[in-house]
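Here the structure comes first, spelled out in structure tokens, and everything after it is commentary.
Atoms within each ligand, like the ligands themselves, are counted from 1 in listed order. Throughout, numbering of the chain's residues begins at 1 and tracks the sequence. Quick caveat: nothing in here was measured; it's all calculated off a predicted structure.
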Amino acid sequence: MKDVVVVGAGLAGLVAARQLRQSGLSVGVIEAAASVGGRMVRSPLQLEQARPPAWVDLGGQWVGPSHSRFLALLEAHGLRRFPSPHGGQTVLCFGTQRCTFSGFFQGFPEGQPPSVPSRDWDDAMNALKQFQDLVATLPAGHPHHHPAAAALDRLSFQDWIDTHTHTPFAAWYFAYFCRAVGFLGPAEPDQVSLLHVAWGQRTASQGDHPEEDLIHGGAGQLPALLAEGLGDALVLGEPVRAIDQPEGEAAVTVITDRASHHGRAVIVAMPPALAGAIRFTPELPADRLALQEGMAMGNCTKVLIAYGWPWWREAGLSGIGIGDRPWVELCADSSDPETGLGVLAAFVVGRRRERWAALGAEQRRAAVLEDLAAYFGPMALEPLDYVEKNWPEEPFVGGAFAAWMPPGLWTRSGDALLRPHGRVFWAGTEVAERWPGFFEGAVDSGERAAAAVAALLG
Ligand SMILES: Cc1cc2nc3c(=O)[nH]c(=O)nc-3n(C[C@H](O)[C@H](O)[C@H](O)COP(=O)(O)OP(=O)(O)OC[C@H]3O[C@@H](n4cnc5c(N)ncnc54)[C@H](O)[C@@H]3O)c2cc1C
Ligand SMILES: [Mg+2]
């Protein structure tokens with residue numbers, strides 16, 4: 001019998017386990033996949049020329065200056081950061097137009113505005129002002145008890161877009177935001193609750209620059225470092241099927257196909273949708289079941305495209321492309337300067353991803369490269385390596401970047417995100433009150449769950 005069994009060895013579970021062990025409790029960690037990390041994983045590029053391995057992050061990669069818990073973990077494990085490359089001109093493609101501008105926007109415009117017609121830009125900026133006013137009314141913590149929450153939660157983000165924008169460009173500006181930002185799934189704007197979008201912007205603001213830095217060698221190094229020292233307390237390749245709390249006993253049994261693991265308390269550290277595959281005895285309350293059923297994972301494939309060098313910089317381009325292209329609405333330079341290689345990270349999301357995923361492998365690759373060529377030029381068509389990570393097809397993750405709330409679910413099930421079920425506590429970036437959907441939210445949730453369990457066990 002361990003003091004605590006942690007289910008899920010993603011960032012949240014590993015952080016919880018680390019903190020519990022530091023407070024002197026014994027911990028077992030049970031992970032379904034063959035390796036730790038969940039949505040935090042790196043892979044070496046396959047390059048013909050012999051050179052030291054160059055890594056890309058298939059999952060999360062960026063970190064921002066206010067991610068203090070996550071930054072502390074990087075520091076503690078000796079992982080070094082570098083500024084995410086963004087010098088030079090951003091490319092914007094909209095309709096048949098392509099322009100370059102020395103700025104950026106992902107909700108928040110910075111630097112120069114793009115040279116779209118001023119009627120379009122003004123429409124987007126007027127609506128943005130109204131959106132920011134709405135965001136400012138919300139609390140930073142979970143929003144569902146706020147007086148305005150129920151009314152906002154009845155609407156989709158698309159409902160808001162329809163009433164606040166008057167040009168196709170402004171409508172796309174907000175839809176793009178919805179499909180690009182971490183806490184939003186990504187989802188399409190007609191799928192996600194207005195409350196969820198506004199609150200996410202309140203508590204995980206793009207204005208705080210969450211994509212400021214990258215990590216030499218990849219963020220995906222961290223999970224293995226966090227797992228060091230767990231030894232045979234870490235069990236890999238065993239999906240948890242059931243969690244039983246016999247009535248009147250101060251013990252919980254975590255059941256896999258191979259074994260039963262016993263603890264005085266359990267932390268389930270995964271998105272609600274994945275916890276939905278576990279059978280709980282006694283049964284979970286109705287609001288928690290509705291959460292697990294309704295809080296969908298984002299529909300996103302991340303594609304890493306590697307070149308011999310960051311050739312786009314020679315044309316004065318930053319490698320950031322934004323636009324209503326058929327497949328890639330967002331891509332960014334993710335080149336680690338220590339490798340000399342040029343790496344673009346591209347995202348295919350939402351309904352675009354549904355159409356794209358139905359294509360064959362060659363067609364998918366050609367489609368992505370064609371969009372990159374539209375942003376940066378024909379050299380995009382000749383990469384050294386091309387890597388897709390189709391997160392929605394990963395059985396123990398189910399999507400990227402994170403989970404999102406459809407209309408009505410915050411109001412119905414907001415309390416169920418964090419309310420313990422007897423001796424079972426919940427962690428994972430989805431339950432975080434600050435930086436949900438990001439590494440920082442995962443760390444925060446793991447630390448809080450560990451503290452709650454430590455308090456219970458005395
Ligand atoms: C493509 C992509 C890009 C992203 N970009 C960024 C970024 O740039 N910056 C940022 O801050 N964040 C980013 N994120 C989000 C970030 O990666 C996540 O917030 C974080 O890694 C989530 O950690 P977690 O522990 O909460 O969940 P997870 O990593 O999902 O961990 C859950 C674990 O539970 C395991 N599990 C599931 N079911 C079971 C079961 N039945 N039994 C046992 N184990 C089970 C899973 O295998 C997994 O290991 C991105 C994510 C993705 C996928
Ligand atoms: Mg975890």
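- Neither the backbone nor the side chain of V63 comes within contact range of ligand 1; no heavy atom lies under 4.0 Å.
- Geometrically, ligand 1 and G437 share a nitrogen or oxygen pair separated by less than 3.5 Å.
- At least one heavy atom of A269 sits less than 4.0 Å from an atom of ligand 1.
- Between atom 23 (O) of ligand 1 and the options P436, A442, S445, A273, the minimum heavy-atom separation is to A442.
- Considering backbone and side-chain N/O atoms, E31 comes within less than 3.5 Å of an N/O atom of ligand 1.
- Checked by distance only, ligand 1 and E440 stay at 3.5 Å or farther apart across all their nitrogen or oxygen atoms.
- With sequence neighbours left out, the ring pair (Phe, Tyr, Trp, His ring centres under 6.0 Å) criterion links F157 to F131, W160.
- Close contacts between ligand 1 and P239 involve ligand atoms 42 (N) [criterion: under 4.0 Å to a heavy atom].
- Listed by first and then second residue, the ring pair (Phe, Tyr, Trp, His ring centres under 6.0 Å) pairs involving residues 275-296 are F280-W426 (not counting sequence neighbours).
- At a 4.0 Å cut-off, not a single heavy atom of T256 sits close enough to ligand 1 to count as contact.
- Which parts of ligand 1 touch G10 is read off a 4.0 Å heavy-atom cut-off, strictly below it: atoms 25 (O), 29 (O), 31 (O), 33 (C), 49 (O).
- Side chains of E110 and H86: a donor-acceptor N/O pair is absent below 3.5 angstrom, by distance only.
- Using modelled atom types, one finds no donor on one side chain facing an acceptor on the other under 3.5 Å when comparing D244 with T253.
- Annotation: the span from L222 atom CG to L74 atom CG amounts to 6.0 Å, rounded to 0.5 Å.
- R353 and N390 share a donor-acceptor pair across their side chains, judged by distance under 3.5 Å alone.
- Ring geometry for H144 against W410 counts as parallel: the plane angle stays under 30°, on a 0 to 90° scale with 60° as the upper cut.
- For atom 45 (C) of ligand 1, the choice among E430, M270, E211, K302 with the nearest heavy atom turns out to be M270.
- When only modelled atom types and interatomic distance are considered, W435 and D444 share no side-chain donor-acceptor pair under 3.5 Å.
- In terms of polar-atom proximity, defined here as any N/O pair under 3.5 Å, V397 makes no such contact with ligand 1.
- Only the side chain of W391 comes within 4.0 Å of ligand 1, judged by heavy-atom distances.
- Considering backbone and side-chain N/O atoms, G59 never comes within less than 3.5 Å of an N/O atom of ligand 1.
- Which parts of ligand 1 touch V7 is read off a 4.0 Å heavy-atom cut-off, strictly below it: atoms 42 (N), 43 (C).
- Ligand 1 has no nitrogen or oxygen under 3.5 angstrom from a nitrogen or oxygen of A33.
- Rounding to the nearest 0.5 Å gives a distance of 11.0 Å between CD of E433 and OG of S445.
- In terms of N/O distances under 3.5 Å, ligand 1 is approached by V240.
- Numbered from 1 in the order shown, with element, the atoms of ligand 1 that lie under 4.0 Å from a heavy atom of I30 read 43 (C), 44 (N).
- At under 3.5 Å, a nitrogen or oxygen of W62, whether backbone or side chain, sits near a nitrogen or oxygen of ligand 1.
- Residue A427 places no heavy atom under 4.0 Å from ligand 1.
- Residue A32 places at least one N or O, backbone or side chain, under 3.5 Å from an N or O of ligand 1.
- Not a single heavy atom of A277 sits less than 4.0 Å from an atom of ligand 1.
- Taking each of M297, R241, Q61, K389 in turn, the one with a heavy atom nearest to atom 7 (C) of ligand 1 proves to be Q61.
- The G8 neighbourhood of ligand 1 comprises atoms 33 (C), 34 (O), 35 (C), 44 (N), with distances under 4.0 Å to a heavy atom of that residue.
- In summary, the side chains of D415 and H145 do present a donor paired with an acceptor at a separation below 3.5 Å, with no hydrogens or angles considered.
- When each atom of ligand 1 is checked for a heavy atom of A400 under 4.0 Å away, the hits are 1 (C), 52 (C), 53 (C).
- Checked by atom type, the side-chain pair W356/T301 shows no donor-acceptor distance below 3.5 Å.
- Between E394 and K302, none of the side-chain N atoms (NZ, or NE/NH1/NH2) sits under 4.0 Å from a carboxylate O, so this pair counts as no salt bridge.
- Using a 30° and 60° split on the angle between ring planes, W199 and H196 fall in the tilted class, from 30° to 60°.
- Rounded to the nearest 0.5 Å, atoms CG (D57) and CE (M40) are 7.5 Å apart.
- Proximity to F438 (heavy-atom distance under 4.0 Å) selects the following atoms of ligand 1: 10 (C), 11 (O), 12 (N), 19 (O).
- Other residues, nucleotides and ligands contribute over 12 non-hydrogen atoms within 6.0 Å of the CD atom of E393.
- Numbered from 1 in the order shown, with element, the atoms of ligand 1 that lie under 4.0 Å from a heavy atom of L58 read 1 (C).
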